[in-house]
Amino acid sequence: MARQARNWLIPSALVLFLCVFLLASRPFYSHSNDALPEAKVAQSRCQAPRKNIWADLNDAEADGLLEFLYTKPNDLNLTRVDNATTWDNHIALVEVLPPNKTDALEFLQSNAAPQRWARVVINQGATDKAGIVQYMVGPLPASEDTQILPLTYLYNSGRNFVRNPLPDFESIVGWFSDLGEEVSDMIKDLLGEVVNPGHIANAPPLLALARPAAWENDTISSWASINSPGVRFDAWSLMAQGLYCRFTISGRDSSKWKINEWYYNGIMYNSTESFRDAWKSGKVEKLPPNRDGSWTASEPLAKGLPDRDMNAPVMIQPEGSRYKIDVEENFISWMGFEFFFSWMQATAVSIWDVKFRGDRVAYEFGLQEAIAHYAGRDPMQVGMVWMDSLFGMGFNSYELVPGYDCPSYATYLNASFHQGESTITRKNALCVFEYTADSALQRHTTPTHLTISRNNYLVVRWVSTVGNYDYTFDYIFYLDGTIEVKVRASGYIFGAYNQLERTRTEHATELSKRGEVPEYEYGYQVHDLVASSMHDHEINFKADLDIAGSENTLYRVSVEQRDHKYSFEDFSRRTMHLKHTPVETETGLDWPTNAGEMFVVLNNESTNAWGEKRGYRIAPGTGMGAPTRLTMEDSTALAKSAKWAERNLWVLRQKDTERKSTSEYNSMEPKDPLIDFGKMVDGEDVRQKDL
Ligand SMILES: [Cu+2]
């Protein structure tokens, strides 16, 4: 029973549409592995060395859990999802609660399987203070011993809930459409030309894109930008029209909700009435409409380039895959690497128990959060921050396109998620493939011979489409043991309505007073009335390295200038040397300028054949230069919800109670988040014992 198909078609003249992430539910493409001859498939299969204790609940576990929650007496006061209103308590999602590392290590050492527990998220509406509440339920499968406990131990706020005065989606859309009715004559006059210009069936005439807002005292106050859906309903994030309204939603009684102000053409109107009066008396200067057209089409336009119609070179896999997969246990092995992977609705794919040539090098690699923090000068852009795990980086991972997203010969695997009482399966949402780089991993020419090695690497990939962005995530494994995490962003930018020349003139004085040239200071014009909108992308990954065991120390190895008189010289030489400094307490680090430092995780108790301590260096990836940290500290919009974004790298002592750097619900209470990362960095010693 597909639960995504929410009803958002409201047949009134003007529909203002809130929130955006509904757009993404379009299956693209179907592709199955049964094209590959059986022998080849069998060849790429293997048996995992043990159970995947991090794997999400399978259907039987999920059904058993739902049965338990609905039938065993408990004080959750649940209403079945289909009968629930916002004034009831209903199950939002159920998911595995991965075991604590201490229990997992026990299992990895002695095969003593840890208990299976689930995370159960409840939309709690049967109370004045509605909220999203999390419980841990286990051990599973459900039995007399199974308990339902508040899931607090993972959250340093001490809470297992966030307030959620937001009523159900439909009532908000209903309210906005009524509002639309109320101002439809004005909107028709001001924006008539861009109301569903493509006459797309079922597309909303206009969108009210509201940026996430914090709530104070059970009230949400946020700005919304009135955007056109465009002619194809894909470039909506480019279709701002320069009209914004600030609304206040307090509690679930819509009679108390209101539009506070309107902002149009640089003028703030303190009520719908004052906006209407100004409009009626012809005082509202109309802005030119931002029209959609072929300029936003994402179809390749480079038709007609010579030879473009010929097929491009493609990679082939002549003898089938050289990696092995256990598709039951989500276990992969390739060229000495072995690891398990698992899916989570908020944070997509994590990999566990990563071994290289028999030795564990990492316990966990996992996406934590993806932030896009904007800046601008209109009510929408100034405070726009998206924390995408709230929408579900895993849940919004859709079908990959063979031959485009991944090579056609890749292995494509499905993902499933338990939302409400349904299991939603995303076909071909993950691909695994080996690739050969277009350059050698090693080569050397001598007068007598030449040696050269191909640079083959293994990729585990998925794509999360959250609103206007498509993030392609890769875990990449190289023959020399290197592991890389890579993220690529595509999709559509979030544009700002801007008249460049006018902006330059209007802001010339202010900017020249600051000694700056009169330029638009938040982006660049990309079309008649659209400017790009500057923003920081901060994507947080957790890396729990376990180099030859869990006792490790991070060293800063700095490359430093030095003046030194060597015994065999009679002058001081300006030269350089390495300085090794263990990081002693929990701290944040930034990538060094001029690569003047190396961050190396070492195991002081384990040395290689030449006595060197064994370790892994942590280095910026091979993307567009060194990954950035947030430009500002103490962002107004983020408050305490993402302190991790203020440094490139953090070193913390591993604790079962500090499993993640954030919660997907952090953006709902940024001033008092479920997980305050800042509090996790509390000066604990991070060196391995006896150092
Ligand atoms: Cu971006």
Side-chain angles (χ1 to χ4, degrees), residues 1-10 17-19 21-22 25 56-57 59 61-97 118-137 140 142 146 148-151 159-178 215 218-220 249-257 345-346 390-392 394-396 416-425 663-665 668-669 674:
M1 177 175 67
R3 184 161 292 288
Q4 304 141 274
R6 294 197 183 106
N7 164 10
W8 37 270
L9 309 173
I10 303 181
F17 192 87
L18 184 69
C19 308
F21 42 94
L22 269 177
S25 55
D56 195 7
L57 308 176
D59 293 358
E61 286 175 312
D63 292 347
L65 174 62
L66 292 175
E67 175 75 20
F68 172 80
L69 292 170
Y70 286 129
T71 58
K72 281 285 175 298
N74 60 53
D75 52 21
L76 296 177
N77 181 18
L78 287 174
T79 301
R80 304 295 301 235
V81 172
D82 286 353
N83 315 331
T85 72
T86 43
W87 298 94
D88 299 310
N89 298 350
H90 69 270
I91 294 173
L93 67 88
V94 299
E95 188 172 65
V96 70
L97 180 65
R119 180 172 77 108
V120 174
V121 179
I122 308 268
N123 280 330
Q124 198 169 62
T127 157
D128 282 351
K129 292 211 172 305
I132 297 175
V133 188
Q134 304 184 78
Y135 295 91
M136 52 189 288
V137 181
L140 300 175
T146 300
I148 302 173
L149 306 169
L151 179 56
R159 301 193 321 268
N160 68 329
F161 69 89
V162 287
R163 286 166 300 162
N164 179 20
L166 255 184
D168 64 270
F169 188 79
E170 281 71 14
S171 17
I172 292 185
V173 170
W175 181 68
F176 262 99
S177 62
D178 300 344
W215 30 81
D218 290 342
T219 297
I220 304 175
I249 288 184
S250 45
R252 285 163 286 170
D253 170 1
S254 63
S255 65
K256 294 205 184 74
W257 307 346
Q345 299 196 29
L390 175 67
F391 309 116
F395 186 70
N396 286 294
S416 293
F417 305 104
H418 309 294
Q419 286 231 333
E421 293 152 16
S422 311
T423 296
I424 292 142
T425 296
S663 152
E664 67 265 41
Y665 302 118
M668 297 183 74
E669 299 211 38
L674 269 181

Work out which heavy atom in Met668 is nearest to a heavy atom in Arg163; give both atom names and the distance. CE-O, 4.1 Å
Heavy atoms only: give me the nearest Leu69-Asn74 pair and the separation to one decimal. O-ND2, 2.9 Å
Is the backbone N or O of [Y] less than 3.5 Å from a side-chain atom of [X], with the two atoms forming a donor-acceptor pair by type?
X      : Y      : result
Asn123 : Ile132 : no
Ser663 : Tyr665 : yes
Asp56  : Glu95  : no
Asp88  : Thr85  : yes

What I'd like to find out is whether the side chain of Phe161 reaches to under 4.5 Å of the side chain of Gln124, using heavy atoms alone. no
Strictly by modelled atom types, are Glu421 and Tyr70 linked by a side-chain donor-acceptor pair under 3.5 Å? yes
Scan side-chain atoms only and decide if Thr423 and His418 contain a donor-acceptor pair under the 3.5 Å cut-off. yes
Is it the case that atom CG in Asp128 sees more than 12 heavy atoms from other parts of the structure closer than 6.0 Å? no
Supply the atom-to-atom distance [X] [atom1] to [Y] [atom2], rounded to the nearest 0.5 angstrom.
X      : Y      : atom1 : atom2 : result
His90  : Ile122 : NE2   : CD1   : 9.0 Å
Thr79  : Asn77  : OG1   : CG    : 6.0 Å
Tyr135 : Asn160 : OH    : CG    : 6.0 Å

